[in-house]
J.: 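Take this structure first; my questions come after.
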Amino acid sequence: NSIFRGMADKEATSGTKHRGEYRIMSAVFNFTFVPWFRSVAPYIHKFRNQTFVVGIAGEAIAAGKLHHLAQDLAMIQSMGVKIVLVHGFRPQVNEQLKAKGHTPKYSHGIRITDEVALDCAQEAAGQLRYEIEAAFSQGLPNTPMADSTVRVISGNFITARPVGIVDGIDFQHSGLVRKVDVAGITRTLDMGAMVLLSPFGFSPTGEAFNLTMEEVATSVASALQADKLIFLTEMPGIGMDALHPVSEDNPIDTELPLATAESLLAKLPPALLPTDTAFYLQHCVKACKSGVERSHIIPFNVDGAILLEVYVHDGIGTMVVDEKLESLREASVDDVGGILQLIEPFEKDGTLVKRSRTEIERDVANYTILEHDGVIFACAALYPYPESKTGEMAALTVSPESQGQGDGERVLKRVEQRAKAMGLDSIFVLTTRTMHWFLKRGFVQADPDRLPEARRRLYNWDRKSQVLVKKLV
């Protein structure tokens with residue numbers, strides 16, 4: 001907005017005839033900025049005083065992304081989030097090794113750290129810590145870092161042990177996390193500082209071990225019981241078909257329940273490279289099983305990726321969610337009885353159109369359900385109209401005992417994911433009593449004449465249902 005204002009002031013002093021154009025541009029900017037900022041506000045309130053552990057791949061720094069990442073993390077911290085930043089240095093160490101005429105060696109997806117590699121790792125870590133601290137020390141006027149004060153504190157917060165000899169291979173100075181100094185990190189965060197960790201750990205005898213960024217970030221997030229673990233990686237996320245790379249035909253699965261992520265890992269080949277689907281997914285699963293409710297895989301090559309993932313409803317990458325005893329999944333024939341029991345009270349009071357057991361059995365594959373301990377307490381059905389690139393979401397129901405806890409939103413999101421996977425551009429609903437709930441979640445009112453022809457013929461004009469449409473981005 002200040003840019004537009006500056007442009008308008010310049011035009012006013014120069015006396016040109018284009019001042020009105022800049023006023024229009026400023027008005028358009030304000031029109032989009034105000035609702036966006038309001039939509040972000042709930043997330044700002046929600047995440048205040050929460051702890052995020054952010055793992056940045058060394059490839060992101062090598063690609064020149066540090067400057068903008070520092071700005072984004074500084075903004076997130078300014079909104080009350082406690083941040084532990086763990087940096088990787090894989091390409092930087094390899095570059096140092098190459099300069100010394102030494103070939104990088106790996107096994108089981110872990111670097112074999114000999115004396116030369118250890119020296120290179122220490123040099124790379126020192127240089128990167130210097131660059132990261134410098135990035136957070138920016139404060140030029142008219143930049144996102146203006147008037148910011150980010151204190152970055154590092155330390156020997158990680159105790160390590162050697163990997164040892166595995167399958168006859170001596171990993172030498174490569175190590176694993178033995179212990180995290182939770183009290184020390186917590187005190188530092190409570191002081192208002194950002195904690196910066198390199199992938200190094202030290203034994204009680206003072207020996208240094210080269211660790212992996214992914215293991216350090218996962219161990220720290222688990223030990224702190226962090227609210228989020230976020231990996232900024234080369235990967236865009238996990239595809240709806242996890243066995244194949246993300247593409248237009250295989251879009252990102254923005255939310256994976258922990259149980260689904262675990263079953264995917266069992267099907268995927270062993271992860272040896274950071275670009276392997278299972279490489280970051282295995283760490284997300286480990287963190288969630290250790291008490292971190294949400295773990296994220298997001299692409300560093302998208303400017304503002306961490307802001308988009310944290311403060312935009314649909315995010316930009318893949319989030320693994322620990323749903324504990326809850327299961328969000330597609331329905332099977334065994335679920336028909338539970339669906340009938342859930343929707344029956346709403347059919348009786350006229351909220352839902354009555355459906356017979358035969359209809360539900362016939363269409364059960366269209367249903368998404370949310371269950372807990374074998375009891376279904378939320379459901380919705382998706383009926384696609386491929387020729388119109390749209391689909392109807394019907395029978396969205398949440399048990400009265402669990403309403404107001406976000407379960408309807410979770411089912412809606414899963415239905416949207418199913419619709420995207422089918423190649424649909426939008427979904428629509430017909431409702432008589434819950435219009436405002438849908439309007440608050442991005443639906444807009446439409447005329448019944450906009451319905452696909454096959455659905456329009458079945459429209460009940462006596463019921464006078466409102467038609468609401470949501471475009472799928």
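Note that the structure is a prediction, hence the values are computed from the model and not measured. Residues take their numbers from the sequence shown, with the count starting at 1.
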J.: Taking all non-hydrogen atoms of both residues into account, name the closest pair between Gln92 and Ala62 and its distance.
T.: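 Smallest heavy-atom distance, with atoms named: NE2-N, 3.7 Å.
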
J.: Between CD of Glu392 and CZ of Phe428, what distance do you get to the nearest 0.5 Å?
T.: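 One finds 4.5 Å between CD of Glu392 and CZ of Phe428.
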
J.: Can you tell if the side chain of Leu73 reaches within under 4.5 Å of the side chain of Ile56, non-hydrogen atoms only?
T.: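 Leu73 vs Ile56: side chains touch.
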
J.: For residues 163-184, which side-chain donor-acceptor pairs fall under 3.5 Å, sequence neighbours excluded?
T.:
| unit_1 | atom_1 | unit_2 | atom_2 | d |
| --- | --- | --- | --- | --- |
| Asp167 | OD2 | His108 | NE2 | 2.8 |
| Asp170 | OD1 | Gln172 | N | 2.9 |
| His173 | NE2 | Glu115 | OE2 | 2.9 |
| Ser174 | OG | Arg111 | O | 2.4 |
| Ser174 | OG | Thr113 | N | 3.3 |
| Ser174 | OG | Thr113 | OG1 | 2.7 |
| Ser174 | OG | Phe171 | O | 3.4 |
| Asp181 | OD1 | Gly184 | N | 2.9 |

J.: Taking side-chain contact (heavy atoms from CB on, under 4.5 Å) as the definition, give me every residue that meets it alongside Ser154, ordered by chain and number, with sequence neighbours left out.
T.: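 Per chain and number, Ser154 pairs via side-chain contact (heavy atoms from CB on, under 4.5 Å) with Arg129, Glu133, Leu196.
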
J.: For the NZ atom on Lys228, are there more than 12 heavy atoms of other groups (residues, nucleotides or ligands in this structure) within a distance under 6.0 Å?
T.: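 Yes, NZ of Lys228 has more than 12 neighbouring heavy atoms, counting only those of other groups under 6.0 Å.
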
J.: Side chains of Asp335 and Ser332: any donor to acceptor distance under 3.5 Å?
T.: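 Their side chains do contain a donor-acceptor pair, which is all the 3.5 Å distance test asks for.
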
J.: Got Thr260 and Leu328 here, is their nearest side-chain heavy-atom distance under 4.5 Å?
T.: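 When only atoms from C-beta onward are counted, Leu328 and Thr260 do not touch, as no gap falls below 4.5 Å.
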
J.: Drop me the distance from Ile298's CD1 to Tyr280's OH, to the nearest 0.5 angstrom.
T.: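 OH of Tyr280 is found 11.5 Å from CD1 of Ile298.
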
J.: In terms of side-chain geometry, is the basic nitrogen of Glu262 or Lys289 positioned less than 4.0 Å from the acidic oxygen of its partner?
T.: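 Yes.
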
J.: Could you tell me whether the side chain of Val54 reaches within less than 4.5 Å of the side chain of Val86, counting heavy atoms only?
T.: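 The answer is no; the side chains never approach within 4.5 Å.
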
J.: For Lys389 versus Gly423, what's the shortest heavy-atom pair and its separation?
T.: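 For Lys389 versus Gly423, the nearest heavy atoms are NZ-O, 3.1 Å.
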
J.: Over all heavy atoms of both residues, which pair between Ala261 and Val320 is shortest? Give the atoms and the distance, please.
T.: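 Taking Ala261 first and Val320 second, the nearest heavy atoms are CB-CG1, 4.1 Å.
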
J.: With distance as the sole test, does Asp276 use its side chain to make a donor-acceptor pair with the main-chain N or O of Leu273 at under 3.5 Å?
T.: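 At least one qualifying donor-acceptor pair exists.
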
J.: Could you tell me whether the side chain of Ile153 reaches within less than 4.5 Å of the side chain of Val195, counting heavy atoms only?
T.: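 With C-beta onward as the side chain, the pair stays apart.
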
J.: Taking the inter-plane angle between the rings of Phe279 and His283 on a 0 to 90° scale, is it parallel (under 30°), tilted (30 to 60°) or perpendicular (over 60°)?
T.: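 Because their plane-to-plane angle is over 60°, the rings of Phe279 and His283 count as perpendicular.
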
J.: Evaluate whether atom CD of Glu234 has more than 12 neighbouring non-hydrogen atoms of other residues, nucleotides or ligands under 6.0 angstrom away.
T.: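 Counting neighbours around CD of Glu234, more than 12 heavy atoms of other residues, nucleotides or ligands fall under 6.0 Å, so yes.
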
J.: Phe37 vs Phe33 aromatic rings, parallel, tilted or perpendicular, using cut-offs 30° and 60°?
T.: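 Rings of Phe37 and Phe33: parallel, under 30°.
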
J.: Kindly indicate whether the side chain of Phe209, heavy atoms from C-beta on, has any atom under 4.5 Å from the side chain of Pro162.
T.: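 Contact flag for Phe209/Pro162 side chains = yes.
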
J.: In terms of side-chain geometry, is the basic nitrogen of Lys65 or Glu59 positioned less than 4.0 Å from the acidic oxygen of its partner?
T.: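 Looking at Lys65 and Glu59, the cut-off is not met.
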
J.: To the nearest 0.5 Å, how far apart are CD in Gln77 and CZ in Arg151?
T.: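 Nearest 0.5 Å value for the CD-CZ distance: 10.5 Å.
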
J.: Does Gln50 reach the main-chain N or O of Lys46 with its side chain, forming a donor-acceptor pair under 3.5 Å?
T.: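 Side chain of Gln50 to backbone of Lys46, a donor-acceptor pair under 3.5 Å: yes, one is there.
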
J.: Flag the pair Lys420 and Asp425 as a salt bridge only when some basic side-chain nitrogen lies within less than 4.0 angstrom of an acidic carboxylate oxygen.
T.: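 No, Lys420 and Asp425 are not salt-bridged.
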
J.: Is it true that a side-chain atom of Ser198 and a backbone atom of Phe200 form a donor plus acceptor pair closer than 3.5 Å?
T.: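 Side chain of Ser198 to backbone of Phe200, a donor-acceptor pair under 3.5 Å: no, none is there.
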
J.: Val292 and Ala226: which non-hydrogen atoms are nearest, and at how many Å?
T.: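 So the two residues come closest at CG1-O, 3.6 Å.
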
J.: Atom SG in Cys284, atom CD1 in Ile297: separation rounded to 0.5 Å?
T.: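 If I round to the nearest 0.5 Å, the distance is 4.0 Å.
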
J.: So Ile44 and Arg48, do their side chains get closer than 4.5 Å, heavy atoms only?
T.: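 Yes, at least one pair of side-chain atoms sits under 4.5 Å.
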
J.: Would you call Arg410 and Asp407 a salt bridge, using N to O less than 4.0 angstrom?
T.: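 The answer is yes: the pair qualifies as a salt bridge.
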
J.: Could you go through Arg329 and Thr368, starting from their C-alpha distance and side-chain angles, then the distance that decides it, and tell me whether this counts as side chain to side chain donor-acceptor pair (under 3.5 Å)?
T.: CA-CA 6 Å; Arg329 60 178 176 81; Thr368 294; over 6 Å; no

J.: Is it true that Glu123 and Lys100 make a salt bridge, defined as a side-chain N closer than 4.0 Å to a carboxylate O?
T.: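 The answer is yes: the pair qualifies as a salt bridge.
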
J.: Rounded to the nearest 0.5 Å, what separates atom NZ in Lys440 from atom CD in Glu409?
T.: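 Atom-to-atom, Lys440:NZ and Glu409:CD are 9.0 Å apart.
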
J.: Between the side chains of Arg161 and Ser203, is a donor N or O closer than 3.5 angstrom to an acceptor N or O?
T.: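 Note: Arg161 and Ser203 side chains miss the donor-acceptor criterion.
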
J.: Report yes or no: do Glu131 and Gln127 form a side-chain donor-acceptor pair below 3.5 Å?
T.: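 There is such a pair (donor and acceptor under 3.5 Å, judged by atom type) between the side chains of Glu131 and Gln127.
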
J.: Take Thr318 and Glu255, measure what side chain to side chain donor-acceptor pair (under 3.5 Å) needs, and give me the verdict at the end.
T.: CA-CA 6 Å; Thr318 295; Glu255 184 174 320; over 6 Å; no

J.: Is any side-chain heavy atom of Phe438 less than 4.5 Å from a side-chain heavy atom of Leu396?
T.: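 Phe438 vs Leu396: side chains touch.
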
J.: Give me the atom names and distance for the closest heavy-atom approach of Val150 to Met194.
T.: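 That closest heavy-atom pairing would be CG1-CE, 4.0 Å.
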
J.: Is a donor on one side and an acceptor on the other found under 3.5 Å between the side chain of Thr233 and the backbone of Phe231?
T.: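 Pair absent, no side-chain N/O of Thr233 close to backbone of Phe231.
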
J.: Can a donor-acceptor pair be found between the side chains of His102 and Asp114 at a distance below 3.5 Å?
T.: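 Short answer, yes.
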
J.: Do you know which two heavy atoms are closest between Tyr367 and Asp363, and how far apart they sit?
T.: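 Scanning both residues completely, I find the closest heavy atoms to be CD1-O, 3.4 Å.
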
J.: For the atom pair OG1 (Thr390) and CG (Leu472), what is the distance rounded to the nearest 0.5 Å?
T.: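 It comes to 7.5 Å.
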
J.: Got a sec: does the CG of Asn156 have more than 12 other heavy atoms crowding it under 6.0 Å?
T.: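 Not buried by this count: 12 neighbours or fewer within 6.0 Å.
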
J.: With no hydrogens and no angle check, just 3.5 Å: does a side-chain donor-acceptor pair link Gln138 and His67?
T.: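 The criterion, which ignores hydrogens and geometry beyond distance, is satisfied for His67 and Gln138.
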
J.: Can a donor-acceptor pair be found, under 3.5 Å and without considering hydrogens, that links the side chain of Lys470 to the backbone of Val444?
T.: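 No, because the side chain of Lys470 does not come within donor-acceptor range (under 3.5 Å) of the backbone of Val444.
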
J.: Ignoring hydrogens and geometry, is there a side-chain-to-backbone donor-acceptor pair from Asp227 to Thr51 under 3.5 Å?
T.: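 It does hold such a pair.
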
J.: With heavy-atom distances below 4.5 Å as the criterion, would you say the side chains of Pro245 and Asn250 are in contact?
T.: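 No. Closest side-chain heavy atoms not under 4.5 Å.
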
